[in-house]
Structure formats: C-alpha cells, structure tokens
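Data block below; observations after.
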There are 2 protein chains.
Amino acid sequence: MAVANAAVKIPFEAPAPEKRVRNRAATEQVILDAAKRLLAEEGFQNFGINAVARGAGCDKQLIYRYYGGLNGLVEAIGTDLGGWVKDRIPDDTGGMFLLTYGDLMERLSMLFLDALRADPLMRRIVAWEVSESSEQVRRLSEARSKALAGWIERMRGSLVPPKGVDAQAVNAMIFAAIQHIVLASAVSDQCAGLPLKNGKDWEKAAIALKRIVRGVYG
Amino acid sequence: MAVANAAVKIPFEAPAPEKRVRNRAATEQVILDAAKRLLAEEGFQNFGINAVARGAGCDKQLIYRYYGGLNGLVEAIGTDLGGWVKDRIPDDTGGMFLLTYGDLMERLSMLFLDALRADPLMRRIVAWEVSESSEQVRRLSEARSKALAGWIERMRGSLVPPKGVDAQAVNAMIFAAIQHIVLASAVSDQCAGLPLKNGKDWEKAAIALKRIVRGVYG
DNA sequence: CCAATCTGTCACCGATCGGTGATTAGCAAG
DNA sequence: CTTGCTAATCACCGATCGGTGACAGATTGG
C-alpha cells in the first residue's frame, strides 16, 4: 500500500520514511496477502508468525490483534479459498456437450489438473493436508474440499455414473492421482519414474489420465 | 553436575542409573532406530538433531560424531530403506499365475497399497517427498524409488504391457493414486470425500483400484 | 482543548533450535 | 599405576521461535 501518504502534509520530501498509513482494513489485507504469498512460495514448513509479519512488513502483534494469531489467519485464508474454484476453474462446459458421465469426468480431470498445476498456493495446501494433522490444516482442507465438491456438483448436472461402478471411490482415486502427481512434479519434476518437466511430458500424463477415465467410464 | 553422585559405590539400589554401555556400534544403532521411530511417529516436521538425540537418550554430539550430522543420519536411513521392499512385500507371485499384464498390475497395486498402509515410516517419507525439496529428502526419495523399481522389474518377469497404452504414464498415475490415498487416510481418514476408516472402506477403495487397472489393461 | 481510543512499534520473555568446544568416564596396553 | 584412546556428557553459543506488555503517534468524540 504505497499510496497515500502525501496525505500528511509534509512540505518537502520525506527521505525514506515509507510512512505506514493508519488503516486497519488495508493492513489486514496486507497481512493476509503476505501469508498467502509466503505459504505459496515457501511452503508450510517455515510458515509462522514471525515469517508472516516479516513478509507483511509489520509487527507480529498486529497479527495477534487482527486475526487472533496464526490459527485465525489460516482460517481467513481458508475463507478466501472458497472463491478459488470459481476464480480458477470455469464453471461451464466450455461449449462442449457432455453427453456421458465419462465425458464429464474426463473434462473435470483435465480442468482440475490444469488448475492445480497453475496454483502454487493450492498445491502447498494439498501438500500440507497430507503431511500434518493439526486443526489449522483441517480447516483449510475442509474449505478446499467443500469448494471442490460444490463445483463438481454444479458441473455434474443431471449426468449419472454408470451402474456397477462405485463412482465415488473411483473418482477419489482419480483425483488422488492428479493431486499426487502434481505435488510430486512440483518438487522433483517426476513421479514414480515418469518425467514431468515440459509440456510434452504433461501431455503424456494427460493422455494416460484420460485413458484411465475412459477405461472405467467408457 | 548435580552432584556427583556418590555414585560410585552405592551399596543399595541405584535409583535409575540406566548404565550406558560404552559401545559405539550399539549406540549408532540406538540413534538410527530412534531416528526412524521418530520420523515414523512424529513426522518430518519436528525431526531434528535435538529431537533424535532426545529420543535416543544420548547427547546430540554423538550424532555429529557418528553420522556427521542430520544429513548423514538421513542418508543412513535411506540406506536402510533399500531393504524395505524385500522385508515388506513378497517377491513372488504368491502362487498365482500372472498370465497378463493386467494380472500383474492388479497384484502389484494391491501389494503396494497394503505395504504402504502398514508402514508409517514409509508413509512419512512419501509425505516428506511431496512437501519439501531439500537434499535430504531427495536422497530418501531416490533410495525408495530405486528399491521400488527393482521390485517391479523383478515381478514383471517377461510380461509386457499391451500395445497402444503408455504403461509408464498409466502406472505412474496408479501408484500416485495409491500413495495419495494412503497419505490422506493417515491424517484425515478420508480422501476426496471417500471415507477410509474401517476395512470395509478400504475394500471399496481396493475394488475401485482394481477396476481402474482392469479398465486400462483389460 | 483534553481524553479516550485505535493503529502501529518496540523491547523483552522463556523455550528451543542447530552447532561446537571442553570435559569426564571407562577401557586397554605399556 | 600410569598413559592414551575413545565413548559419552556437559556447558555454552547465537539465532530464532511464539507470545506479551508497554509505549508512541494519530484520530476522533466530547
């Protein structure tokens, strides 16, 4: 929030004061942004009060005051996360006609794969989910899965899975595969021996994924 | 020094002396075991020199002396890991006749799923792999994937995947799904809305997995 | 104008972290 | 017994952690 300052009436150049504006709402936003940025770029390992305060350029006391500590801040991130799906993943069928449940799942898989690949924050949260079992991460996890479930429900429309297939279980496997492969690629450019560096690698992965979906749902 | 303990020569019961034997090899083993136990039970979050020393009941200095620090210790764990596969997963076909590549992959999936579910240390390592990108974890990851690849190769025998299927990519997806679903279950008893608590839940998951394998490989 | 309130900063606390000498305690050869 | 070697411990370092109390400056209501 650069801004404002002139606000005050300093007649001549203030050297480098970077005057902090007194604005609670703005500061809250700065803190929240810093937290999300930090989590996305550094991961949850070094995610703490001090680090966030440092990143936000303010005193950690403000985090306690405005968010009630790190837990509250994480909760605020979770709330923000509610809008993730609709920001990142199209809510329509992209002009396609999804005639079958297989069509739907193929498209959902691709959308989810791309969205997750493109969003470092969401990746970190998923990694966090499978690494720690704290209350903090439970909240985040809940917010994420809720948003995702809503999105899937909306996209599903009136399509129903074929009989004889436990769609919930199969879909869980598919989404699990996507999540894991994206996580693995983000830290080591490969997964289970499959290289995942350039676009060509990912094209192969996408094809394999579609094949799996089609193998089950036809 | 709390006193001295008249230590020496106390005629009657020494309270809790726990006499430490002077034995380097044994101490090294104690440290290594403590490290593995700690990693398995507490996770990589609180995995550090102090914690390991505390868990081993010795001074951290010994870890520096014997293993050259935490990195060396992790490396030692990685070396140990080489024997994981053969300890945990049968190396034969269990008397089954694997006639097709689909038979093979179905069996491998089930074996891997069960083995991973049963081994908390391995789960932690997998979680570590997708959460951090340090040199430490790279070593562990390498040891693990190497052991796994060797096992698969041995099991594969002369079976070859059907033409027209990118088996490497598809198998990576399958193993990714297994790993992620096991990780997720370990921290939240569910994955993508699919409950994973009791044996019945896991039976469903296993069926879904087999269905996927069969959908691709017939 | 003063006083209360709000925003932001600073200094400090105890605990723990990784890391490094210096020191003690047991064992064996001379 | 003395001398050395080595296993093992102790004591301490600076840095950072999460957390808190006190304080300074701006804003606002009376």
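A, B, ... follow the sequence lines: proteins, then strands. Residue 1 opens every chain. Just the heavy atoms: all of them, side chains too, but no hydrogens, waters or symmetry mates, feed the values below.
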Let me confirm one number: the SG-NE2 distance from B/C191 to A/H180, rounded to the nearest 0.5 Å.
11.5 Å
note: A/Y67, atom OH; D/dG19, atom P; distance rounded to Å ~ 17 Å
Look at the side chain of B/Q61 and decide which nucleotide, out of C/dT7, C/dT20, D/dT6, has an atom nearest to it.
C/dT20
Report yes if a side-chain nitrogen or oxygen of B/Y66 is closer than 4.0 Å to either non-bridging phosphate oxygen (OP1 or OP2) of D/dA8; otherwise report no.
yes
Which residue lies more 5' along DNA chain D, comparing B/K60 with B/R24 via nearest heavy atoms
B/R24
The side chain of B/R65 is closest to which nucleotide in this list: D/dA22, C/dG19, D/dA8?
D/dA8
Below 4.0 Å: OP1/OP2 of C/dG18 and any side-chain N or O of B/N50:
yes
Between the main-chain N or O of B/V30 and the side-chain N or O of B/D33, is there a donor-acceptor pair closer than 3.5 Å?
no
Out of C/dG8, C/dA25, D/dG19, minimum distance to the side chain of B/R22 belongs to C/dA25
Let me know the distance between CG of A/N23 and C1' of D/dT27, rounded to the nearest Å.
12 Å
Nearest-Å distance for atom pair CD/P, residues B/E28 and D/dT6
14 Å
Round to a whole Å and report the spacing from OH of B/Y64 to C1' of D/dC10.
15 Å
In this structure, OG of B/S145 is separated from CG of B/L140 (nearest 0.5 Å) by 11.0 Å
Which whole-number value in Å describes the distance from A/I49 CD1 to C/dC12 C1'?
17 Å
Output yes when a side-chain donor or acceptor of B/D59 lies under 3.5 Å from a complementary backbone atom of B/L62, and no otherwise.
no
Output the single nucleotide from C/dG19, C/dC10, D/dT9 whose closest atom is nearest the side chain of A/D59.
C/dC10
Separation of D/dT16 atom P from A/Q45 atom CD, nearest Å, is 18 Å
Does the side chain of B/T27 get closer than 4.0 angstrom to OP1 or OP2 of D/dA7 through an N or O atom?
no
Once you round it to whole Å, what is the distance between C1' of C/dT7 and CD1 of A/I31?
11 Å
Which of the following nucleotides, D/dT6, C/dG8, D/dA8, is nearest to the side chain of B/L62?
D/dA8
Mind calculating the distance between CG (A/N46) and C1' (D/dC17) to the nearest angstrom?
11 Å
To the nearest 0.5 Å, tell me how far A/S134 OG sits from A/N71 CG.
8.0 Å
